[in-house]
2 protein chains.
Amino acid sequence: MSGTHTDKYQQQHHHAVCAAASVFAEKGFHGASTKDIAERMGIKQGSLYYYFKSKEEALGEVCLFGIEDYVQRMDHIAKSDQPFEAKLLATITSHLSSYREKNEALKVHNDERLYLPKEKRTKLKQLGSRYRESLEGIFEEGIDSGALRNSLDCHFAAQSVIGVCNSWGDIIVRDPNLDLFDIIQKCTDLLLNGFRERRKSARSTT
Amino acid sequence: MSGTHTDKYQQQHHHAVCAAASVFAEKGFHGASTKDIAERMGIKQGSLYYYFKSKEEALGEVCLFGIEDYVQRMDHIAKSDQPFEAKLLATITSHLSSYREKNEALKVHNDERLYLPKEKRTKLKQLGSRYRESLEGIFEEGIDSGALRNSLDCHFAAQSVIGVCNSWGDIIVRDPNLDLFDIIQKCTDLLLNGFRERRKSARSTT
DNA sequence: TATTCTTTCTATAAATCTATAGAATTCTCG
DNA sequence: CGAGAATTCTATAGATTTATAGAAAGAATA
């Protein structure tokens, strides 16, 4: 109840969250055992319950850890005073860098969060929505500034940015040798051009 | 050894693959039990082993079922005699339609295949590579035809198409009310424009 | 009907996994 | 040092899971 914890507790708790993230990322929530997590920490299986009430709680903490600061960064970008293009670049950079830095927890959030009970998913869903809505706002600014065509579906655009970043994020996680900056650049090019005002529509579908 | 099976066997086997796909898609490979699969088929847990040697073999069959005809369709498109733009549209249509039709097996292939042992993943990996390479070939044609800029990284482009389609595929699976044709159209627009020859580069990064 | 082949069932062995309880150890600080 | 708090360990109950063996039921055929 009283919220105070030892320094060592806090450190070990963080260590536990990282170990759980690592194991969940590798084996999935159900494929990972509490023994696996404990071993990665260097303690015994039973001792893990000093830091987590249950395996599921561990998953909840990992998911939250994976997404929270990444959403905050997005808020920051959205509120900042930059032109649309710069905001999009910053978003993609932030998204992909998050993957490379704390790749495992973010991956776990994306792949395993649906195994959490409904109540626990609510907070995550709110964070996710906040992220998407901020991104939609950026695209609306892009339309207003004339950089993007009026007919653009901002929801589609935001969702597509997230999809492209997550998909490349996965690839980055699997292959740490890839040139992050190169991918950021190419993703930004793709998305900027993909939604930009066009001179002439190429296809005409009745 | 002798390869012949009853009609009923073949039907039930297919039924079993679909049940497994459904359960794996919902709970993940490790989260799903053989009891779950059997129940979805309407038989008892032990009887499942009349159709699969092991749970893992079931996963292997589901993954293969999920990807095989979808790759064949891609071969067909790549070999066909259409301009680049039509091939890209056909690819995206095929990819997203696959998701809507046999969504579960394809989802399982994408999300759970890494839990297969290395040997079993080899065949899947070959199919996946064939898919990506065909797509890269289509982009090369696009460059040759002048529709795409020379500097385009075809590997990046193909991987991005796959990423966008998988990401929207997941969303489509989760929400069957979405307008498939609308999403196909918008994805095609995004990817066509994203890789198209531009008049003037917007950003200049040293 | 009797025979044989196919399909499903029941029961269970063996392994694993989560979570808890209480003992043992280590740390902190007067 | 010594008391109390914090941390980790051991051991285990209880539930679940995969896979197998052999009996039972159903279908096909002569």
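All values derive from a computational prediction rather than experimental measurement. In what follows, chains carry the letters A, B, and so on, assigned in the order in which the sequence lines appear, proteins first and then strands, with residues in each chain numbered from 1. Just so it is clear, the values below take in all heavy atoms, side chains as well, and ignore hydrogens, waters and symmetry mates.
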Gap between atoms [atom1] and [atom2], on [X] and [N] respectively (whole Å):
X: B/Asp7; N: D/dA27; atom1: CG; atom2: C1'; value: 13 Å
X: B/Asp36; N: D/dT18; atom1: CG; atom2: P; value: 8 Å
X: A/Lys44; N: D/dT12; atom1: NZ; atom2: P; value: 15 Å
X: B/Gln12; N: D/dA27; atom1: CD; atom2: C1'; value: 14 Å
X: A/Tyr9; N: C/dT26; atom1: OH; atom2: C1'; value: 18 Å
X: B/Ile43; N: D/dG26; atom1: CD1; atom2: P; value: 16 Å
X: A/Gln11; N: D/dT7; atom1: CD; atom2: P; value: 11 Å
X: A/Lys35; N: D/dT10; atom1: NZ; atom2: P; value: 12 Å

*Please work out if B/Ser33 contacts a base, only the sugar-phosphate, or nothing of the nucleic acid, heavy-atom cut-off 4.0 Å.*
sugar-phosphate
_Using a heavy-atom cut-off of 4.0 Å across all strands, would you classify B/Ala38 as base, sugar-phosphate, or nothing?_
nothing
Do the side-chain N and O atoms of [X] and [Y] include a donor-acceptor pair separated by under 3.5 angstrom?
X: B/Thr91; Y: B/Arg73; value: no
X: B/Glu61; Y: B/His13; value: yes
X: A/Glu56; Y: A/Ser54; value: no

Contact under 4.0 Å: [X] side-chain N or O vs [N] OP1/OP2:
X: B/Lys55; N: D/dT18; answer: yes
X: B/Tyr50; N: C/dT7; answer: yes
X: A/Tyr49; N: C/dA19; answer: yes
X: A/Thr34; N: C/dC17; answer: no
X: B/Lys53; N: D/dA19; answer: no
X: B/Thr6; N: C/dT7; answer: yes
X: B/Lys8; N: C/dT6; answer: no

_On DNA chain C, compare the nucleotides closest to B/Gly42 and A/Ala32; which residue's is nearer the 5' end?_
B/Gly42
*Test of ring centre spacing under 6.0 Å for B/Tyr51 and B/His15*: no
*asked:* Can you identify which nucleotide, out of D/dT7, C/dC9, D/dT8, has its nearest atom closest to the A/Tyr51 side chain?
replied: D/dT8
_Aromatic plane relationship, B/Tyr115 with B/Phe29 - under 30° parallel, 30 to 60° tilted, over 60° perpendicular_ = parallel
*base_contact_polar (C/dA11 base, B/Gln45 side chain, donor-acceptor, <3.5 Å)*: no
